[in-house]
Amino acid sequence: MPLIQQWELRAAFARRLSTMYGSEVPAYNTLVDISQSVNDDVISEMGSAAERLGSSDRVTAERHGAIRVGTPDEMAQVARIFGAMGMFPVGFYDLREAAVSSVPVVSTAFRPIDSTELARNPFRVFTSMLVPSDRRFFTADLQQRLESFLRRRSLFDPALLVLADRAEKYCGLDESDAEAFLTLATRAFELSTEAVDRAWYEELEEVSSVAADIGGVSSTHINHLTPRVLDIDALYHRMQLRGIEMIDTIQGPPRWKGPDLLLRQTSFRALAEPRVFREPDGTVVEDALRVRFGEVEARGIAATPRGREVYDRLVGEVEDKVRQAGTNGAASATERTAIAASVWNRTVPASEYGLALHDLAYFTFTPTRRVADGSKPGGSLSDLIEQGWLTPEPIVYEDFLPKSAAGIFQSNLTSEGRRDLSATKADNIDAPWLAGALHRQLHDPYELYSGIRRASLASSALQLGLPTISELPAAPTTGVTP
Ligand code: OOG
Ligand code: NI
């Protein structure tokens with residue numbers, strides 16, 4: 001029997017989740033339709049330039065999902081299921097710190113990591129894990145009851161995990177195993193029809209809606225599935241015209257005169273979905289919960305550590321200016337957009353060439369100049385770019401932004417939750433800790449991007465007849481300082 005390869009499992013799983021989520025949350029289908037029509041318009045207007053950050057096939061199929069689990073063991077099981085599909089944990093996000101509201105989770109993203117696999121299908125899943133031991137959110141008593149509730153549940157069919165390990169070991173599955181794996185994996189993320197214990201759910205909800213969504217029920221579900229759009233401002237506008245209530249802002253960098261950088265995201269507000277509850281007196285009633293929403297995103301070029309510092313600095317600068325501009329409180333969304341664009345236009349080089357020259361974003365390189373006039377290539381990467389020896393091609397940002405993720409979580413919470421501000425972070429839950437819990441290497445996003453850049457520089461060096469090309473800028477760049 002032919003082997004269904006891991007990337008085929010990944011692509012098929014993304015399609016099945018999309019069908020399943022669309023049947024559960026029909027507004028998601030509207031979002032996908034509008035995204036598609038925006039993308040068609042951008043491609044017909046801009047032609048091949050629209051495909052600078054990914055082919056139209058890749059962008060059309062591209063999704064990210066978000067899931068939430070309760071324990072390190074559940075997280076490790078998730079890692080096996082995604083490992084089956086060639087998706088590896090990348091990055092550590094501490095939403096406990098990044099969010100203003102009560103979001104007691106830490107997260108990573110499972111995704112393919114090498115260029116070939118990303119080009120085949122870049123499906124990624126933002127995966128969050130509850131931290132019941134964090135005293136800023138949970139008392140010792142609640143922690144103990146929450147952990148024992150979580151210990152008693154099992155999110156994944158043992159048969160699914162067996163198939164997952166098989167797929168990882170053999171780099172794929174035969175057809176019948178693939179079918180079983182995809183069926184079980186998709187089913188694991190369906191919304192359960194089981195009755196929710198009202199008192200337990202509400203007790204957790206007082207602390208955090210996210211805690212209730214994770215630990216208040218005995219199964220997990222996909223929280224959202226996010227299509228990629230080439231013009232997020234156009235999409236935002238079209239959704240509003242359709243009467244869909246959007247959150248106030250587009251998270252991430254503003255629309256400005258330069259190329260898309262990092263990630264811009266927005267969402268429509270969580271919709272009421274019917275759920276069954278068991279009341280304290282034992283009666284079972286139908287009610288509704290608002291937890292799942294629809295998100296959409298525009299992906300840009302991956303920023304280097306230096307570019308990221310500039311980004312973070314500009315976020316702060318824009319916030320300060322917005323505060324100053326607000327007459328009674330904060331400035332309007334329109335004012336904010338204008339302020340952000342002017343700060344960016346003033347500070348950041350507005351071309352791929354400028355971003356590469358100042359080492360603000362990641363690129364691969366193609367040798368473009370011929371040795372005709374006797375001149376010889378040499379010097380730093382910046383020199384080679386400036387003298388036209390190398391032409392940059394952007395590397396797409398495949399990860400997430402903690403501030404945007406916090407904003408996405410927050411904008412869809414029914415309440416702020418409760419947090420003990422006198423308590424401080426008292427644990428060692430960080431990237432190395434998470435790697436231990438996952439029993440796998442936790443990849444550093446910067447190392448992955450710079451690995452792709454280094455490989456391209458090595459091949460460029462060979463073609464230009466240079467011993468090596470260092471990816472580090474030779475001297476501090478002028479103008480743009482983090
Ligand atoms: C995850 C929120 C973060 C993103 O795209 O930044 C996120 C969640 O709500 O579970 O999905
Ligand atoms: Ni998301």
Side-chain angles (χ1 to χ4, degrees), residues 14 17-18 21 25 27-28 31-32 35 62-70 74-75 78 82 87 89-111 122-131 155 189 191 204-205 208-217 219-229 232 235 246-247 249-253 262-271 273 289-300 302 311 315 396-415 417 445:
L17 270 185
S18 188
Y21 191 57
V25 180
Y28 162 76
L31 187 66
V32 170
S35 304
E62 189 161 345
R63 299 282 186 277
H64 88 246
I67 59 166
R68 305 161 172 185
V69 298
E74 290 175 358
M75 197 72 169
V78 166
F82 290 137
M87 297 157 76
V90 180
F92 176 80
Y93 304 84
D94 195 336
L95 279 307
R96 301 174 296 172
E97 309 277 332
V100 182
S101 319
S102 175
V103 182
V105 302
V106 295
S107 317
T108 186
F110 290 91
R111 66 167 179 86
F123 185 52
R124 48 179 97 70
V125 180
F126 192 86
T127 305
S128 303
M129 185 199 85
L130 202 56
V131 189
L155 299 181
F189 297 103
L191 195 65
L204 290 171
E205 209 175 17
S208 154
S209 317
V210 178
D213 181 45
I214 301 173
V217 291
S219 58
T220 188
H221 42 256
I222 177 109
N223 176 274
H224 60 264
L225 206 55
T226 301
R228 179 170 162 195
V229 73
I232 198 167
L235 177 122
M246 303 296 285
I247 63 169
T249 48
I250 295 175
Q251 316 265 350
L262 294 166
L263 182 62
R264 302 182 68 206
Q265 301 178 304
T266 191
S267 62
F268 63 73
R269 292 206 188 277
L271 304 170
E273 291 184 87
L289 280 181
R290 285 176 184 272
V291 248
R292 306 203 298 169
F293 52 88
E295 183 192 41
V296 65
E297 65 190 9
R299 293 208 161 248
Y311 172 70
V315 167
V396 182
Y397 189 56
E398 304 288 347
D399 295 288
F400 294 86
L401 294 169
K403 238 187 148 44
S404 300
I408 295 286
F409 263 112
Q410 248 157 249
S411 57
N412 283 288
L413 299 182
T414 37
S415 74

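Counting convention: from 1, in listed order, for ligands and their atoms alike.
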Margin query: Quick one, Ser404 with Gln251, criterion side-chain hydrogen bond (donor to acceptor under 3.5 Å, both in side chains). Give me CA distance, side-chain angles, the key distance, then yes/no.
Written below: CA-CA 5 Å; Ser404 300; Gln251 316 265 350; 4.6 Å; no
Notebook entry, point to check: Would you say the side-chain atoms of Arg299 pair up with the backbone N or O of Asp399, donor to acceptor, closer than 3.5 Å?
Noted result: yes
Notebook entry, point to check: For ligand 1, which atoms, with element, lie under 4.0 Å from some heavy atom of Asn223?
Noted result: 9 (O)
Next item on the list: Using a strict cut-off of 4.0 Å, indicate which atoms of ligand 1 neighbour a heavy atom of Phe400.
Entry: 4 (C), 5 (O), 6 (O)
Notebook entry, point to check: Which protein non-hydrogen atom lies closest to atom 3 (C) of ligand 1, naming both residue and atom, and how far is it?
Noted result: Ala405 CB, 3.6 Å
Margin query: If the contact criterion is a heavy-atom separation under 4.0 Å, does His64 count as touching ligand 1?
Written below: yes
Notebook entry, point to check: For Tyr93 and Ser128, what are the C-alpha separation, side-chain angles and deciding distance, and is it a side-chain hydrogen bond (donor to acceptor under 3.5 Å, both in side chains)?
Noted result: CA-CA 9 Å; Tyr93 304 84; Ser128 303; over 6 Å; no
Next item on the list: For atom 9 (O) of ligand 1, grab the closest protein heavy atom and report residue, atom and distance to one decimal in Å.
Entry: Arg68 NH2, 2.7 Å
Next item on the list: Would you sort out whether Asp213 and Asn223 count as a side chain to side chain contact (heavy atoms under 4.5 Å, CB included), showing the intermediate values?
Entry: CA-CA 9 Å; Asp213 181 45; Asn223 176 274; 4.1 Å; yes
Check: Would a 4.5 Å heavy-atom cut-off, applied to side chains only, mark Gln265 and Leu401 as touching?
Finding: no
Notebook entry, point to check: Is a donor on one side and an acceptor on the other found under 3.5 Å between the side chain of Thr220 and the backbone of Arg68?
Noted result: yes
Note to self: Taking N, O or S atoms only and a limit of 2.8 Å, check whether Glu297 reaches the Ni ion (ligand 2).
What the structure shows: no
Next item on the list: Taking the six-membered ring of Phe400 (Phe, Tyr or Trp), confirm whether the NZ or CZ of Arg264 is under 6.0 Å from its centre and within 45° of its axis.
Entry: no
Check: Less than 3.5 Å between some nitrogen or oxygen of His224 and one of ligand 1, yes or no?
Finding: yes
Check: What atoms of ligand 1 come closer than 4.0 angstrom to any heavy atom of Glu295?
Finding: 4 (C), 5 (O), 11 (O)
Next item on the list: Would you confirm whether Ser101, through its side chain, and Gln410, through its main-chain N or O, come within 3.5 Å as a donor-acceptor pair?
Entry: no
Next item on the list: Please state which part of Gln265 comes within less than 4.0 Å of ligand 1, counting heavy atoms only: side chain, backbone, both or neither.
Entry: side chain
Next item on the list: Could you tell me whether Glu62 and Arg124 make a salt bridge, using a distance below 4.0 angstrom between a side-chain N and a carboxylate O?
Entry: yes
Item checked: Distance filter under 4.0 Å to Phe126 heavy atoms, resulting ligand 1 atoms -> 1 (C), 3 (C)
Notebook entry, point to check: Gln251: heavy atom below 4.0 Å from ligand 1, yes or no?
Noted result: no
Check: Do you know which N/O/S atom name in His224 is closest to the Ni ion (ligand 2)?
Finding: NE2
Margin query: Could you identify the N, O or S atom of Glu295 positioned closest to the Ni ion (ligand 2)?
Written below: OE1
